[in-house]
Protein chains: 2
Amino acid sequence: MTDTPIIPPHKSKGRPRTFDRDAALISALGVFWRRGYEPASISELCAAMEINPPSLYAAFGNKAQLFMEAVNHYETTYWDATWERMAEVPDVHEALRGFFHEAAQILTSQDAPCGCLVILAATNVSAEAEEVNASLKAFRDEGREWLTRRVRRGISEGQIAGDTDPAGLGLTLNTLLEGMSLAARDGATREELETIAASVQRLLPANA
Amino acid sequence: MTDTPIIPPHKSKGRPRTFDRDAALISALGVFWRRGYEPASISELCAAMEINPPSLYAAFGNKAQLFMEAVNHYETTYWDATWERMAEVPDVHEALRGFFHEAAQILTSQDAPCGCLVILAATNVSAEAEEVNASLKAFRDEGREWLTRRVRRGISEGQIAGDTDPAGLGLTLNTLLEGMSLAARDGATREELETIAASVQRLLPANA
DNA sequence: TTATATCTGTAGCGACCGATACAGAGTCAA
DNA sequence: TTGACTCTGTATCGGTCGCTACAGATATAA
């Protein structure tokens, strides 16, 4: 946020960087994931990334830009394939069953401190970090939109009752998905998340 | 948390307090609700409560104790009656339909900055505020337990399919409820929350 | 009246926050 | 070899955090 919209400079001249930028980003992601955006301090980030503050600011701009880069990395690494599978599986019941099954895995994955970064990392932020939360909200809105679109297609293909409101069902599915992050953060096991995920089949009005 | 477990002293001697303790607590609740636990600074709390820091610390102990007192006030004021109604209504379908309907109202109530304090106020906290989050988790666990007990009773009274896992269904209902707080925080309208609430009837396996 | 106790406002404590000034080190083009 | 350039570590900036020392004000109890 703030001033510089450009992301990574690094021309060919000058002293070369002595750390792995991608590895440092992944380390930063771990801290943001565990702590959330604001509780993750620059000093803790630097310790995890094994660099000093000037290196962090030279490579990533500022804390907000580092965070958003970590969020993008998180989305592409953990969720993109799952979202796309949901869009590709022909039967909507099968697609959503698979999606929530995979979500239960992701939200309790080994390297995850549990829960989704996009949902949890900026739920409480002070006024000056509202821009960061707004950026995350765009991701969340997109997720709800994907679910709504998938439901709408399921209706038009006759797999879900024709009188179903796609936006309402998409919102409900997204609400359950976001709730699963809170459950994971509160220590729900993978089996418990699978139980929640399995309830999705009951939420879909089958075509009579 | 920390040292003093006792809450309000105030003997009969000494200079009397010149502000309304209950009114100040309600003002503090508003700030915690809007901002969350850690982003709510002492200076912002003091401004809203119209007192100075020494008065705050004399009357409430410290920030964590003030917060927990605000949480207790919030629970009793906004949720206790709704929880008890759910326990009292004989038919479980009617009880849960009514509960989620009321929850949709509470989570979008006028004086609410949207969402549940217990769910949202401490999702991102630094390490030293983990005790506060643990206290909130106890509230959240209690909510899930109430839902589970109500489901179990519905099963034993033959209103829900006998092969239903009460803990699993209780957890699922609680997950949807907690997700509704995130939806409200992201700007969902009362009508949208009502739509989500209405989906609960499909989650309950009717007794065949 | 005096002693004791508690509240009130001012003013500021040490600790930490995000972010940087600076000088030295390393790599490039000329 | 020189100069331009960028990264590196140290040391620190101004600002805010939660919290409190202090002195004055106001009440009760003796």
Side-chain angles (χ1 to χ4, degrees), chain A residues 1-4 6-21 23-24 28 31-32 35-68 70 122 124-132, chain B residues 1-4 6-21 23-24 28 31-32 35-68 70 122 124-132:
Chain A
M1 321 291 108
T2 68
D3 21 282
T4 21
I6 323 105
I7 319 162
H10 208 211
K11 317 273 182 281
S12 56
K13 297 233 290 191
R15 179 177 177 175
R17 182 180 290 132
T18 58
F19 65 93
D20 183 336
R21 193 181 186 279
V31 177
F32 282 127
R35 293 246 179 267
Y37 173 64
E38 279 192 324
S41 70
I42 295 290
S43 75
E44 185 175 1
L45 288 163
C46 282
M49 301 164 84
E50 300 185 85
I51 59 176
N52 293 110
S55 299
L56 188 156
Y57 284 88
F60 298 98
N62 61 24
K63 187 183 178 183
Q65 292 174 21
L66 170 62
F67 175 70
M68 289 314 300
N124 324 113
V125 289
S126 50
E128 60 265 24
E130 266 308 322
E131 293 186 41
V132 168
Chain B
M1 318 332 322
T2 67
D3 20 284
T4 21
I6 323 106
I7 317 162
H10 208 211
K11 315 277 182 279
S12 55
K13 295 234 287 191
R15 178 176 177 175
R17 181 179 294 131
T18 57
F19 65 94
D20 183 337
R21 192 180 186 279
V31 177
F32 281 128
R35 293 248 179 265
Y37 173 64
E38 281 193 323
S41 70
I42 295 290
S43 75
E44 186 175 1
L45 287 163
C46 283
M49 301 164 84
E50 300 185 85
I51 58 176
N52 293 110
S55 299
L56 188 156
Y57 283 87
F60 298 98
N62 59 24
K63 186 182 178 184
Q65 291 174 23
L66 170 61
F67 175 71
M68 289 314 300
N124 324 114
V125 288
S126 49
E128 60 265 26
E130 266 308 323
E131 294 185 41
V132 168

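Side chains included, hydrogens not; waters and symmetry mates left out as well; all remaining heavy atoms used. Chain naming here is simple, since letters A, B, ... match the order of the sequence lines and numbering starts at 1 in each. Predicted model, so just to flag it, every value in this text is computed and none were measured.
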Interatomic spacing from CD1 in A:Ile42 to NZ in A:Lys63 - rounded to 0.5 Å: 6.0 Å
B:Phe19 CZ to C:dT6 C1': how many Å, rounded? 12 Å
Send over the distance from A:Glu128 CD to D:dG15 P, rounded to a whole Å. 14 Å
What's the closest nucleotide to the side chain of A:Thr18 if the choices are C:dT8, D:dC19, D:dT8? D:dT8
Within residues 46-55 of chain B, those residues having any heavy atom closer than 4.0 Å to DNA chain C are B:Asn52, B:Pro54, B:Ser55
Take A:Gly14 and A:Glu38, find for each the nucleotide of DNA chain C with the closest heavy atom, and name the residue whose nucleotide sits nearer the 5' end. A:Glu38
Rounded to whole Å, CD of B:Gln65 lies from P of D:dG18 at a distance of 15 Å
Pick base, sugar-phosphate or nothing for B:Ala129, based on heavy-atom distances below 4.0 Å to the nucleic acid. nothing
Among all residues two or more places apart in sequence or in another chain, which pass the salt bridge (Lys or Arg N to Asp or Glu O under 4.0 Å) test with A:Glu50? none
For the pair made of CZ in B:Arg15 and C1' in D:dA25, what is the distance, rounded to whole Å? 4 Å
In whole angstroms, the gap separating P of D:dT8 from OH of A:Tyr57 amounts to 16 Å
Would you mind reading off the distance between A:Ile42 atom CD1 and C:dC16 atom P, rounded to a whole angstrom? 16 Å
Can you tell me if the side-chain N/O atoms of A:Lys13 get under 4.0 Å from OP1 or OP2 in D:dA4? no
